[in-house]
**Student:** 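Handing you a structure now.
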Amino acid sequence: MSTRLEILVQQRLEKLEKIRASGIDPYPHLYQRTHTAQQVVALLKQDGPPREVKVSGRITASRPMGKAAFMNLSDGSGKIQVYVRRDHLGEQGYDLFKLLDLGDFIGLTGRPFYTHTGEPTIEAASLTVLSKALLPLPEKWHGLTDVEKRYRQRYLDLVSSDEVKGIFHTRSRIIASMRRFLDDLGFMEVETPILQSHAGGAMAKPFTTHHNVLDRDLYLRIATELHLKRLLVGGFEKVYEIGRIFRNEGISTKHNPEFTSMESYEAYADYTAVMSRVEEMVAHIARSVLGTTTVEYDGRQIDFTPPWRRITLRDAIKEQCDIDFAEFPDAPSLAAKMKESGMAVEPGLGRGKLIDELLSTAVEHTLTQPTFLLDYPVELSPLAKRKPGEPDLVERFEAFAGGMEIANAFTELNDPLEQRERFKEQAKAREAGDEEAEMPDEDFLVAMEHGMPPAGGLGVGIDRLAMLLTNQQSIREVILFPQLKTRE
RNA sequence: GGGCGGUUAGCUCAGUUGGUUAGAGCACCUGCCUUUUAAGCAGGGAGUCCGGAGUUCGAAUCUCCGACCGCUCACCA
């Protein structure tokens, strides 16, 4: 800590002591306001004689003028100007005012009025210190622009930027709107374990942790899928879970090691039913949160109005790079074709991974408008049901918008014998070095052997949906406390 | 993990070819000011120039090593 900051803190500590010395508790327990800042502004617009109000908030600006001063007081609703006058407040009250700093929380009583310039203002009759701040806040005009500091000390970012506050408010409303949409359709929200002995339900590397008393390694979940399906076995026909998922993979503008997903499962539905559900849900959320289904993202308009474009993965790849993967029944021939088209192909990849490669390198970034890609290779989807008549494919779709995947869904595999076979294939891939291959989960298989109804399942990336609906190009702008390296 | 860029006062930023004591605005302190609003006027204090090593008579500036951040590529949702 530099000398200069120490001086600023020392000055505030001295003021704190002076407040204490005058018999005032600078950190009192309770202050019951009668109005928020916004309510005071509304009150002033009404007719009738102004009545006294009691408000509280943080001092965010101060303009002293000798024996009077104006302050800006910010609370959760907005800000209101405060006028303090020695004549009105009295000697003692004005002395207390002089011991206040930017950043302090105060309460005050007074009558609202309009100044000559028309600013809604409260003339303070009494001041109460609610919390003395010891450290200075970021500069009032530019706020906090140091990106690292914004993430590490998000509270300062929030204090100094209404825009940032707005993004997280919107995120909260997106999730609330999603809950309401699902609840209204009769879905039941549930909670399943984050600590798991098998990290299944997705192709991803898990975080490992350890339970001391049981002396067992556990994984942080990489998906909620396998537990939600157990609930289908148990007889809950429409369930969903909104929760944190952990994946031990790279960090980027589109990836955080922990992120929020919504997974839902509906008995007696298939992926076509889920598809309409997704487009309706996203349109509903956009409408209820933003008032429109057309949003601007990264300089382009995205229209979420249903129906969204539907195209098979095969056709989408054909469209972008003129490769029809159906014509290449095995990995070597597909890899050869990809190399022929000038693509760098990692050796040893299976056919499914090659197709995934085509999707992510050639197709994904082109999908600005909401698009469903349908029918994925079975190797990539060990938990999805095969497409009738096309044994290499499963009934699966992914939804894209703004060049990002935002949802993944399939008709759920409910044949326990086939599921067991699929797990075996995944185990082989894992032995061959594929760390992302599905871990066989015997307990889940036993559940399925007791009978799982046909069902449609869905996973939505909530952070990415929030990015799209708030026009943010980095996932860190929609996660309050994104993962950063700790300084050594 | 690779490439490129960045890190200077509490905050936002300048800093010339390597050259005197590293500057400005906000914030802070003192004085004046009872309708201001990025209040104003006058004065003042405040720095581990990200860390370390090196080159040099002399380094915020050049070189090397390291830390962290951003963008981007690869992996992933």
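Throughout, protein chains are lettered first and strands after them, A, B, ... in sequence-line order, and every chain is numbered starting at 1.
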**Student:** Tell me what A:Leu484 touches on the nucleic acid: a base, only sugar-phosphate, or nothing, going by heavy atoms under 4.0 Å.
**Tutor:**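 Sugar-phosphate, backbone atoms only, no base.
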**Student:** What integer number of Å spans the P atoms of B:U16 and B:U61?
**Tutor:**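 Taking atom P in both B:U16 and B:U61, they lie 11 Å apart.
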**Student:** Using a 4.0 Å heavy-atom cut-off across all strands, classify A:Met404 as base, sugar-phosphate, or nothing.
**Tutor:**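 Contact class for A:Met404: none.
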**Student:** When the C1' atoms of B:G1 and B:C75 are considered, how many whole Å apart are they?
**Tutor:**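 B:G1 and B:C75 have their C1' atoms separated by 10 Å.
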**Student:** Distance between the P atoms of B:A53 and B:C13, in whole angstroms?
**Tutor:**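 Rounded to whole Å, the distance is 30 Å.
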**Student:** Looking only at the side chain of A:Ser474 (C-beta and beyond, no hydrogens), which of the listed nucleotides B:U35, B:C71, B:A77 gets closest?
**Tutor:**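 Selected nucleotide: B:C71.
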**Student:** Pull out every protein N or O sitting under 3.5 Å from an N or O of nucleotides 38-42 of chain B, one pair per line with the distance.
**Tutor:**
unit_1	atom_1	unit_2	atom_2	d
B:A38	O3'	A:Lys140	NZ	3.3
B:A38	N1	A:Trp141	NE1	3.4
B:A39	OP1	A:Lys140	NZ	2.2
B:A39	OP2	A:Arg63	NH1	3.1
B:A39	N7	A:Pro64	O	3.3
B:A39	N6	A:Pro64	O	3.0

**Student:** Roughly how far apart, to the nearest Å, are B:C64 and B:C4 at atom P?
**Tutor:**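 To the nearest whole Å, 11 Å.
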**Student:** How is A:Gly459 classified with respect to the nucleic acid when contacts are heavy atoms under 4.0 Å: base, sugar-phosphate, or nothing?
**Tutor:**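 The answer is nothing, as A:Gly459 stays clear of every strand by at least 4.0 Å.
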**Student:** Rounded to whole angstrom, note down the C1' distance from B:A9 over to B:C26.
**Tutor:**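 Each nucleotide's C1' atom is 12 Å from the other's.
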**Student:** Dot-bracket for RNA chain B, 5' to 3', with Watson-Crick and G-U pairs under 3.5 Å, [ ] for crossing pairs and | for other-strand pairs: what is it?
**Tutor:** (((((((..((((.....[...)))).(((((.......))))).....(((((..]....))))))))))))....
**Student:** Checking all strands, does A:Glu357 fall into the base, sugar-phosphate, or nothing category for heavy-atom contacts under 4.0 angstrom?
**Tutor:**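 Counting heavy atoms under 4.0 Å across all strands, the contact made by A:Glu357 is with sugar-phosphate only.
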**Student:** Can you tell me, in whole Å, how much space there is between the P of B:A59 and that of B:A74?
**Tutor:**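 It works out to 44 Å between them.
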**Student:** Is it true that A:Glu258 and A:Arg244 have a side-chain N and a carboxylate O under 4.0 angstrom from each other?
**Tutor:**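 Between A:Arg244 and A:Glu258 there is a salt bridge, with a charged N closer than 4.0 Å to a carboxylate O.
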**Student:** When you measure from every atom of RNA chain B, which of residues 10-20 of chain A have a heavy atom less than 4.0 Å away?
**Tutor:**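 The answer is A:Gln11, A:Lys15.
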**Student:** Suppose you measure atom C1' in B:A24 against the same atom in B:C49; what distance do you get, rounded to whole Å?
**Tutor:**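 About 16 Å, rounded to a whole number of Å.
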**Student:** If you only use heavy atoms from C-beta on, which nucleotide in B:C11, B:A77, B:U34 is closest to the side chain of A:Tyr83?
**Tutor:**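 For A:Tyr83, the side-chain atoms sit closest to B:U34.
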**Student:** May I have the distance from A:Asp146 (atom CG) to B:C26 (atom C1'), rounded to whole angstrom?
**Tutor:**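 Between C1' of B:C26 and CG of A:Asp146: 17 Å.
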**Student:** Can you name the closest pair of heavy atoms from A:Ile242 and A:Met178 and give their distance?
**Tutor:**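 What the structure gives for the nearest pair is CD1-SD, 4.4 Å.
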**Student:** Taking N and O atoms by type only, does the side chain of A:Thr145 place a donor or acceptor under 3.5 Å from a partner on the base of B:U12?
**Tutor:**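 A donor-acceptor contact between them is absent.
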**Student:** Tell me which nucleotide among B:C28, B:U36, B:C68 gets nearest to the side chain of A:Leu102.
**Tutor:**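 Nearest to the side chain of A:Leu102 among the choices is B:C28.
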**Student:** Could one point to a donor on the side chain of A:Glu148 or the base of B:U7 with an acceptor on the other under 3.5 Å away?
**Tutor:**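 Flag unset: no donor-acceptor pair detected.
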**Student:** Taking only the P atom of each, what is the distance from B:G40 to B:G51 in whole angstrom?
**Tutor:**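 Nearest-Å result for B:G40 against B:G51 at atom P: 34 Å.
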